[in-house]
Amino acid sequence: MTESAQHARLVKAILSLLEKHFGSLDDIMVRDDSLRPVRAERPPKLPQYIPDVYATDVPTTQVIVGEAKTAKDLETARSHKQIASFLEYLAHTPNSLLILAVPFDCKPRARGLLRKLVPAHGTAPDTKVIDDLDLEQG
């Protein structure tokens with residue numbers, strides 16, 4: 001599987017989890033940074049990086065940011081800065097969640113990275129690490 005195909009599969013896992021969490025995606029605003037985003041709406045910049053998925057209910061009571069990382073991408077300094085930026089943004093957003101989707105064998109590394117990057121001040125957002133096998137488990 002190419003890295004871009006794997007990334008697309010990881011984004012799909014995030015969207016699948018959102019559908020399970022919220023039920024129908026018709027009741028929430030979901031923006032994803034795919035080739036063909038729904039209604040051509042891409043996620044907002046938070047504050048300097050654009051996540052793969054941004055979701056909120058209306059009126060806003062919860063904000064969810066989803067980021068997909070391949071094994072190679074998970075190890076880059078840019079990805080670490082990006083994830084830290086999302087965590088910092090969500091730390092100031094009540095009832096927020098960061099979903100990090102990675103290949104199955106990268107889950108322990110992803111969990112360790114999140115523990116390392118959670119902001120030292122403010123309220124830490126909830127985090128969840130999922131993998132591409134979550135799609136197969138329904």
Side-chain angles (χ1 to χ4, degrees):
M1 182 182 313
T2 65
E3 190 164 315
S4 60
Q6 185 176 46
H7 185 270
R9 185 170 166 81
L10 292 167
V11 171
K12 187 174 178 182
I14 295 169
L15 294 172
S16 177
L17 179 68
L18 286 175
E19 191 165 6
K20 288 177 194 169
H21 179 77
F22 284 107
S24 169
L25 293 182
D26 295 334
D27 299 332
I28 63 170
M29 180 196 68
V30 178
R31 296 179 183 179
D32 68 277
D33 197 22
S34 63
L35 292 176
R36 294 184 193 100
V38 176
R39 295 180 303 270
E41 295 178 10
R42 296 203 182 272
K45 203 177 254 193
L46 305 176
Q48 64 223 37
Y49 299 99
I50 297 173
D52 290 312
V53 177
Y54 178 87
T56 184
D57 53 353
V58 180
T60 302
T61 64
Q62 184 170 33
V63 173
I64 300 174
V65 170
E67 187 62 24
K69 295 294 178 191
T70 61
K72 182 179 173 184
D73 200 23
L74 186 62
E75 301 302 326
T76 67
R78 182 190 185 281
S79 289
H80 294 189
K81 289 178 187 174
Q82 182 183 38
I83 294 167
S85 176
F86 296 154
L87 287 167
E88 181 67 29
Y89 171 82
L90 292 172
H92 302 288
T93 307
N95 201 23
S96 60
L97 172 65
L98 175 72
I99 302 170
L100 183 57
V102 297
F104 176 76
D105 57 340
C106 295
K107 283 178 95 168
R109 171 74 180 115
R111 286 186 183 112
L113 178 63
L114 287 176
R115 279 192 299 274
K116 177 180 154 187
L117 296 176
V118 167
H121 54 81
T123 305
D126 287 335
T127 60
K128 182 167 184 68
V129 177
I130 63 171
D131 62 65
D132 48 351
L133 297 180
D134 289 328
L135 280 171
E136 297 167 9
Q137 296 171 359

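The basis for the numbers below is simple: all heavy atoms, side chains too, and nothing from hydrogens, waters or symmetry mates.
By the 4.5 Å heavy-atom criterion applied to side chains, Ile130 and Lys128 are counted as neighbours. Between Glu75 and Arg109 there is a side-chain heavy-atom pair separated by less than 4.5 Å. Counting heavy atoms from C-beta outward, Ser85 and Lys81 have side chains that stay 4.5 Å or more apart.
Side chain of Ser96 to backbone of His92: no donor-acceptor contact under 3.5 angstrom is found. At distances below 3.5 Å, at least one donor-acceptor pair connects side-chain atoms of Asp52 with backbone N or O atoms of Ala68.
Residues satisfying the salt bridge (charged side-chain N to carboxylate O under 4.0 Å, His left out) test with Lys107, not counting sequence neighbours, are Asp131. Residues satisfying the salt bridge (charged side-chain N to carboxylate O under 4.0 Å, His left out) test with Arg111, not counting sequence neighbours, are none. In terms of the side-chain contact (heavy atoms from CB on, under 4.5 Å) criterion, residue partners of Ala110 (sequence neighbours excluded) are, by chain and number, Leu74, Leu100, Val102, Val129.
Across all non-hydrogen atoms, the minimal contact from Pro103 to Gln6 is CG-NE2, 3.3 Å. Of all heavy-atom pairs spanning Gln48 and Lys45, the tightest one is C-CG, 3.5 Å. Closest approach of Tyr89 and Tyr54 over heavy atoms only: OH-OH, 3.8 Å.
Side-chain N/O atoms of Lys69 and Gln82 include a donor and acceptor closer than 3.5 Å.
Here the CG atom belonging to Asn95 is positioned 4.5 Å from the CD atom belonging to Gln62, to the nearest 0.5 angstrom. Between the CZ atom of Phe104 and the CG atom of Leu133 there is a distance of 6.0 Å, given to the nearest 0.5 Å. Between the SG atom of Cys106 and the CG atom of Asp132 there is a distance of 9.5 Å, given to the nearest 0.5 Å. Here CD1 of Ile83 is found 5.0 Å from CG of Leu113. Values are rounded to the nearest 0.5 Å. The line from OG of Ser79 to NZ of Lys72 is 11.5 Å long, rounded to the nearest 0.5 Å. Leu97 CG to Leu17 CG: the interatomic distance, rounded to the nearest 0.5 Å, is 7.5 Å.
In terms of hydrophobic clustering, with Ile, Leu, Val, Met, Phe, Trp and Tyr side chains grouped at heavy-atom distances under 4.5 Å, Leu87 and Ile50 are assigned to different clusters.
Shown are Ile14, Leu46, Ile99; of these, the side-chain contact (heavy atoms from CB on, under 4.5 Å) with Val65 is made only by Leu46.
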(request) Please test Val53 against Ile64 for side-chain contact (heavy atoms from CB on, under 4.5 Å), starting from the C-alpha separation and ending with a verdict. (result) CA-CA 8 Å; Val53 177; Ile64 300 174; over 6 Å; no
